[in-house]
Amino acid sequence: MPELPEVETIARLIRPRLEGRTIEGCEVRWTRTLGGLSRPAFARAVVGARLARVWRRGKFLVADLEQGGRPAGALVGHLRMTGRVHVEAAGFDPGPYLKVRLALDDGTSFYFIDVRKFARLCFAEESASLLGELGPEPLSPEFTASWLASALRGRRRSLKPLLLDQTFVAGIGNIYADESLHRAGLHPLARADRVGTSRAAVLHREIRATLAEAIEREGSSFDAFYRTPEGNPGRYQDQFRVYGRTGAPCPRCSAPIARIVVGQRGTHLCRRCQKR
DNA sequence: ATCCTATCCTGGCTGC
DNA sequence: TGCAGCCAGGATAGGA
């Protein structure tokens with residue numbers, strides 16, 4: 001699923017193709033993708049706007065818009081599980097799952113594609129209203145070991161649901177939660193407030209290392225869904241220590257990787273390396 | 001505060 | 001080979 005490293009990869013690849021472009025037209029094939037706005041209202045808001053800046057927050061892709069040099073709202077995209085993004089010249093075949101196409105002033109188009117219809121591409125006057133209450137960016141300076149240690153201290157939840165909670169920390173999904181917890185030697189069901197300061201520091205370090213390495217490899221493509229905007233799969237799935245490796249040997253101790261369900265999510269761990 | 005369940009969707013897998 | 005049924009999963013909403 002597109003999590004922080006995949007969305008960051010996408011943002012980096014489409015940024016140079018989008019920034020400075022003006023939207024000249026739009027085609028909406030599935031209204032619900034717009035998250036509540038009607039097609040005409042969406043078209044009125046975005047057509048004629050200039051894509052001033054493309055950035056990422058958590059798992060959200062954001063494009064700040066301008067009209068006549070003044071701020072004019074933002075496009076906020078979330079790929080959920082099967083969303084994909086392309087910026088391509090005329091003649092590109094987006095396939096049967098195209099949801100929204102934005103025609104740009106250089107003849108290319110921005111394609112928003114989604115098989116399962118969960119992904120969203122929304123317009124808002126203020127991007128913050130769609131981003132909600134997100135926790136800190138795990139790769140930013142404000143996400144420190146001491147912040148994490150004290151944030152964990154106040155929570156009684158299990159570690160994994162907490163890491164998946166976007167209001168706690170932004171951008172971590174099922175894959176990188178499992179990978180980070182294994183690397184930190186922490187059990188997904190361990191209670192947050194029982195993780196000590198030194199263990200919290202290890203978790204902090206491993207979350208950042210996992211995300212940074214995944215970005216370096218342009219994310220993970222463990223199924224047919226995630227591709228970069230250039231159509232390439234990521235390369236981090238080859239580095240998975242636990243995710244999707246049920247029964248395979250733990251890379252650290254060779255015990256078989258177990259699969260349990262935590263908060264309705266498939267969860268992978270090594271019972272020997274990750275004690276409660 | 002935290003947990004649980006349902007909802008949204010469809011390709012792909014399993015079992016017969 | 002065909003087909004029914006189940007499953008995954010990010011976010012959110014509603015109930016316990």
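When reading the values below, keep in mind they use all heavy atoms of this one structure, side chains included, and skip hydrogens, waters and symmetry mates.
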Partner of A/His86 by ring pair (Phe, Tyr, Trp, His ring centres under 6.0 Å), out of A/Phe92, A/Tyr111, A/Tyr97, A/Phe112: A/Phe92
OP1 or OP2 of C/dA11 under 4.0 Å from side-chain N/O of A/Gln166: yes
Is a salt bridge present between A/Asp105 and A/Arg21, judged by a nitrogen-to-oxygen distance below 4.0 Å? yes
May I ask you to decide whether A/Glu213 forms a salt bridge with A/Arg183, counting only side-chain N to carboxylate O separations under 4.0 Å? yes
Take atom CG of A/Asp193 and atom P of B/dT2, then tell me their distance rounded to the nearest Å. 9 Å
Salt-bridge criterion met for A/Glu27 and A/Arg29 (N-O under 4.0 Å): yes
Gap between atoms CD1 and C1', on A/Ile172 and C/dA11 respectively (whole Å): 16 Å
With heavy atoms under 4.0 Å as the rule, sort A/Gly173 into base, sugar-phosphate or nothing. nothing
In whole angstrom, what separates A/Asp114's CG from C/dG10's P? 13 Å
To the nearest angstrom, the NZ-P distance between A/Lys59 and C/dT12 comes to 10 Å
Listed nucleotide nearest any side-chain atom of A/Arg157, set C/dG9, B/dT5, B/dT2: B/dT2
Assign each of A/Gln264 and A/Gly154 to its nearest nucleotide of DNA chain B by heavy atoms, then name whichever residue's nucleotide is nearer the 5' end. A/Gly154
Rounded to whole Å, CZ of A/Arg155 lies from C1' of B/dT2 at a distance of 9 Å
Pair A/Arg157 + A/Asp165, salt bridge at N-O below 4.0 Å: yes
Set out, line by line, the N/O atom pairs under 3.5 Å between protein and nucleotides 7-10 of chain B.
from: B/dC8; atom 1: O3'; to: A/Arg32; atom 2: NH1; distance (Å): 3.3
from: B/dC9; atom 1: OP1; to: A/Arg32; atom 2: NH1; distance (Å): 2.4
from: B/dC9; atom 1: OP2; to: A/Arg32; atom 2: NH1; distance (Å): 2.7
from: B/dC9; atom 1: O4'; to: A/Arg116; atom 2: O; distance (Å): 3.3
from: B/dT10; atom 1: OP1; to: A/Lys117; atom 2: NZ; distance (Å): 2.7
from: B/dT10; atom 1: O2; to: A/Arg116; atom 2: NE; distance (Å): 3.2

Electrostatic pair A/Asp114:A/Arg84 at N-O distance under 4.0 angstrom: no
From the set C/dG10, B/dT5, C/dA8, return the single nucleotide nearest to any side-chain atom of A/His78. C/dG10
Dot-bracket notation for DNA chain B, counting Watson-Crick and G-U pairs under 3.5 Å, with | for partners on another strand: .|||||||||||||||
For a quick test of reading the model: is some side-chain N or O of A/Tyr243 closer than 4.0 Å to OP1 or OP2 of C/dG9? yes
A/Phe168 vs A/Trp147, test: ring pair (Phe, Tyr, Trp, His ring centres under 6.0 Å). Steps then yes/no. CA-CA 11 Å; A/Phe168 181 76; A/Trp147 178 87; 5.6 Å; yes
To the nearest Å, give me how far apart CG (A/Leu189) and C1' (B/dC3) are. 13 Å
Output the rounded distance in Å from CG (A/Asp165) to P (C/dA13). 14 Å
Compare side-chain N and O positions of A/Arg265 against OP1 and OP2 of C/dA8 and report whether any pair is under 4.0 Å apart. no
Quick one: does A/Thr167's side chain have a donor or acceptor within less than 3.5 Å of a partner on A/Gly135's backbone? no
Before accepting this row, confirm whether a basic side-chain N of the pair A/Arg70/A/Glu66 lies closer than 4.0 Å to the acidic partner's carboxylate O. no
When you check the gap from the basic side-chain N to the acidic O, do A/Arg56 and A/Glu6 get nearer than 4.0 Å? no
Mind calculating the distance between CG (A/Leu164) and P (C/dA8) to the nearest angstrom? 15 Å
